[in-house]
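Presented below is the structure to which this report refers.
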Amino acid sequence: MLDLGFVRANLELVRQKMRERGLPDILGDFEALDAERRKQLSEAEALKARRNKASDEIARLKKQKQDASALIAEMKQAGLEIQALDEQAKASDDKLREVLRNVPNIPHATVPLGRGAQDNQEVRRWGQPREFDFEPKAHWDLGPELGILDFERAAKIAGARFAVYFGVGAKLERSLANFMLDVHTREHGYTEVLPPFIVNSASLYGTGQLPKFTEDLFKLEGSDYWLIPTAEVPVTNLYRDEVLEAERLPVKHCAWTACFRSEAGSYGKDTRGIIRQHQFQKVELVKFTSPETSYEELESLTRDAEAILQRLELPYRVVALSTGDLGFSSAKTYDLEVWLPSSREYKEISSCSNFEAFQARRANLRFRNGKTGKAELLHTLNGSGLAVGRTWVAILENYQQSDGSVVVPEALRPYLDGMEKISRR
RNA sequence: GGAGAGGUGGCCGAGUGGCUUAAGGCGGCGGUUUGCUAAACCGUUGUACGGUCAAAAGCUGUACCCAGGGUUCGAAUCCCUGCCUCUCCGCCA
């Protein structure tokens, strides 16, 4: 959420930035709503001030055994007026907040202007896509042929967009998660967190999934519980309504979790394979920083995620999302895209974002500024480090051999009991 | 699942309708004293949204004692609902 006072003072700037996002009318009649709200608030507060004074007077009169009935009668009337004014003010406030809640974050000045994904800018590439002397297979063929991936049985026990991993397939997934967590905790300074995979709606509101994106989530019937769509939600909300000491910053967490997404509205997209599933695993990186350092921290967080791809020797590129493709809560996002030989294209495997104070304002995440002594809003960042399932796919496809076997990347071998190659048993 | 006890500021903790502008303590910040440290003493103390102001500071108003309703001229205090925590019992990986 943007700051009410900031929007009021910079209305034209905000309107301009929303046009850049392709949302020219998102602010609606903000000015009129704001003016109305302030007028009603002032009136109600003036009347309350009078009532507070009168209450003191009543107490004094009663103490002195004098008659206060006239004043009491007057205040009874005032009470009714206050109630009416409060209701009006509440209604205006609700309307204004509704508008504000649905306004996305302001893109950072360095975000490329554009209408959508086609205007995203490639920042850098790493590694050379391998030249195959045979026709590389897609993972949805390779996996089942190796006997490590099964879609039919997944459909039987759950439905579409689910997968079952067998044997080395399951172990590869587990090894990848361990490998990622080890690198981030040992070498990049992140503290591991294992949070609940279920959260309440307040947490989803804090990170910006609610109220706008209900459709993308799984809700548990008859409760206020939701399956997490990403570890970002529980981890970012860890310090909700807290004030962190400045010396602790930046706070860096990594978390392995399952993630659950309804994928409503993505019918027909990535229907084959395990690119887009209702349930997948992800190692997430989350940072809480001071406002001054958040953009440096975005760069290093992105590098931390890239390090995993480099160790696995998977070719990738880094893309800066354009204003038209930026997520709701994000001020700036780099996507990491890994090379997939079967489709001959780079596919998203990580998304690293700086949310500035947007989530912090919603979740009331603050730190104590050493200089001013005041509690100020933190900046929050997160990025996948990485999506485990998509990494699994990238390994199968990039390391496949002409005989259908898959070479295990060297960095991963210690996690697979030294196994060098995955072959059909 | 059953029974009971609770939820007060950064923390501890008092507070059963107006004397609370939330006592007292701890911590933090500023100061006095001091060779240094400690102690003692004095002062100070949160958040949000308004008003005033070119802006900031300041001043000022309102709200906030888990959350949401209610009773009342007036609620931290009384009533209702919900959430959470703790204790005991039962069940359970």
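Lettering follows sequence order; numbering is per chain, from 1. Only this structure's heavy atoms are used, side chains among them; waters, hydrogens and symmetry mates stay out. On a predicted model such as this, the values are computed, not experimentally measured, just so you know.
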Report task. Scan A/L41 against the nucleic acid and name what it touches under 4.0 Å (heavy atoms): base, sugar-phosphate only, or nothing. Result -> sugar-phosphate

Report summary line: Checking N1-N3 plus N6-O4 or O6-N4 for Watson-Crick, or N1-O2 and O6-N3 for wobble, each under 3.5 Å, the partner of B/rC19 is none

Report task. Please list all pairs passing the ring pair (Phe, Tyr, Trp, His ring centres under 6.0 Å) test where one or both residues lie in residues 88-108 of chain A, with sequence neighbours left out. Result -> A/H108-A/Y295

**Report entry** Watson-Crick or G-U wobble partner of B/rG1, both distances under 3.5 Å
**Finding:** B/rC89

Report task. In whole angstrom, give me the gap between the P atoms of B/rA75 and B/rC19. Result -> 12 Å

Query raised in the report: Which is true for A/A49 with a 4.0 Å heavy-atom rule: it touches a base, it touches only sugar-phosphate, or it touches nothing?
Result: sugar-phosphate

Requested in this report: Give none if B/rA40 has no partner; otherwise give the nucleotide forming a Watson-Crick or G-U wobble pair with it, both distances under 3.5 Å.
Outcome: B/rU32

Query raised in the report: Got a sec? Which of residues 195-208 of chain A come in under 4.0 Å of RNA chain B, heavy atoms?
Result: none

Report task. Could you tell me which nucleotide pairs with B/rU47 by Watson-Crick or G-U wobble geometry, both distances under 3.5 Å, or answer none if nothing does? Result -> B/rA63

Report task. Can you tell me, in whole Å, how much space there is between the P of B/rG46 and that of B/rU33? Result -> 27 Å

Requested in this report: In whole angstrom, give me the gap between the P atoms of B/rU77 and B/rA67.
Outcome: 11 Å

Query - A/K219, NZ atom: more than 12 neighbouring heavy atoms under 6.0 Å - result: yes

Query raised in the report: Any ion pair linking A/R60 and A/D56 (charged N to carboxylate O, less than 4.0 Å)?
Result: no

Report task. Please list, in 5' to 3' order, the outermost nucleotides of RNA chain B lying under 4.0 Å from any heavy atom of chain A. Result -> B/rG18 to B/rG74

Requested in this report: Describe the nucleic acid contact of A/L71 in one word from base, sugar-phosphate, nothing, applying a heavy-atom distance below 4.0 Å.
Outcome: nothing

Query raised in the report: When the C1' atoms of B/rG31 and B/rU47 are considered, how many whole Å apart are they?
Result: 27 Å

Query raised in the report: Is A/R37 touching bases, backbone alone, or none of the nucleic acid, heavy atoms closer than 4.0 Å?
Result: sugar-phosphate

**Report entry** Complementary nucleotide for B/rA54 - Watson-Crick or wobble, under 3.5 Å
**Finding:** none

Query raised in the report: Just checking A/R366: base, sugar-phosphate only, or nothing, at a heavy-atom cut-off of under 4.0 Å?
Result: sugar-phosphate

**Report entry** Nucleotide opposite B/rG68 in a Watson-Crick or G-U pair, distances under 3.5 Å
**Finding:** B/rC80

Query raised in the report: Which ones in residues 75-100 of chain A lie close to RNA chain B, meaning a heavy atom under 4.0 Å from one of its atoms?
Result: A/M75, A/K76

Report summary line: Ranking A/R51 and A/A59 by the position along RNA chain B of their nearest nucleotide, the one closer to 5' is A/A59

Requested in this report: Would you please indicate if the ring centroids of A/F328 and A/F358 are separated by under 6.0 Å?
Outcome: yes

Requested in this report: Would you classify A/N52 as touching base, sugar-phosphate or nothing, given that sugar-phosphate means primed atoms plus P, OP1 and OP2, and contacts are heavy atoms under 4.0 Å?
Outcome: sugar-phosphate

Query - Span that lies between the C1' atom of B/rA93 and that of B/rG2, in whole angstrom - result: 22 Å

Requested in this report: Would you check if there is a donor-acceptor pair between the side chains of A/Q88 and A/E43 at a distance under 3.5 Å?
Outcome: no

**Report entry** A/R413 atom CZ: more than 12 heavy-atom contacts under 6.0 Å
**Finding:** yes

**Report entry** For B/rG74, the Watson-Crick or wobble counterpart (both distances under 3.5 Å)
**Finding:** none

Sequence neighbours excluded and cut-off under 3.5 Å, please list the side-chain donor-acceptor pairs for residues 149-160 of chain A, or say none.
residue : atom : partner : partner atom : Å
A/D150  : OD1  : A/E152  : N            : 3.0
A/D150  : OD1  : A/R153  : N            : 2.9
A/D150  : OD2  : A/R153  : NH1          : 2.6

Requested in this report: With C1' as the reference atom in both, quote the distance from B/rC78 to B/rU71 in angstrom, rounded to an integer.
Outcome: 8 Å

Report summary line: Re B/rC26: Watson-Crick or G-U wobble partner, both distances kept under 3.5 Å, found to be B/rG10

Query raised in the report: Do A/E397 and A/S342 meet the criterion of a side-chain donor-acceptor pair at a distance under 3.5 Å?
Result: yes

**Report entry** Closest-nucleotide 5' rank along RNA chain B - winner of A/V243 and A/A44
**Finding:** A/V243

Query raised in the report: Expressed in whole Å, how much space separates the C1' atoms belonging to B/rC49 and B/rG70?
Result: 25 Å

Query raised in the report: Any side-chain donor paired with an acceptor under 3.5 Å for A/N200 and A/S203?
Result: yes

Query raised in the report: Quantified in whole Å, what is the C1' atom distance between nucleotide B/rU44 and nucleotide B/rG68?
Result: 36 Å

Query raised in the report: Any sub-3.5 Å donor-acceptor pair from A/H253's side-chain atoms to A/V235's backbone N or O?
Result: no

Query raised in the report: Between A/L386 and A/S350, what is the shortest heavy-atom contact and its length?
Result: CD2-CB, 3.8 Å

Would you give me the side-chain donor-acceptor pairs under 3.5 Å for residues 415-422 of chain A, sequence neighbours excluded?
residue : atom : partner : partner atom : Å
A/Y415  : OH   : A/D182  : OD2          : 2.6
A/D417  : OD2  : A/K171  : NZ           : 2.5

Query raised in the report: Between the main-chain N or O of A/A163 and the side-chain N or O of A/Q277, is there a donor-acceptor pair closer than 3.5 Å?
Result: yes

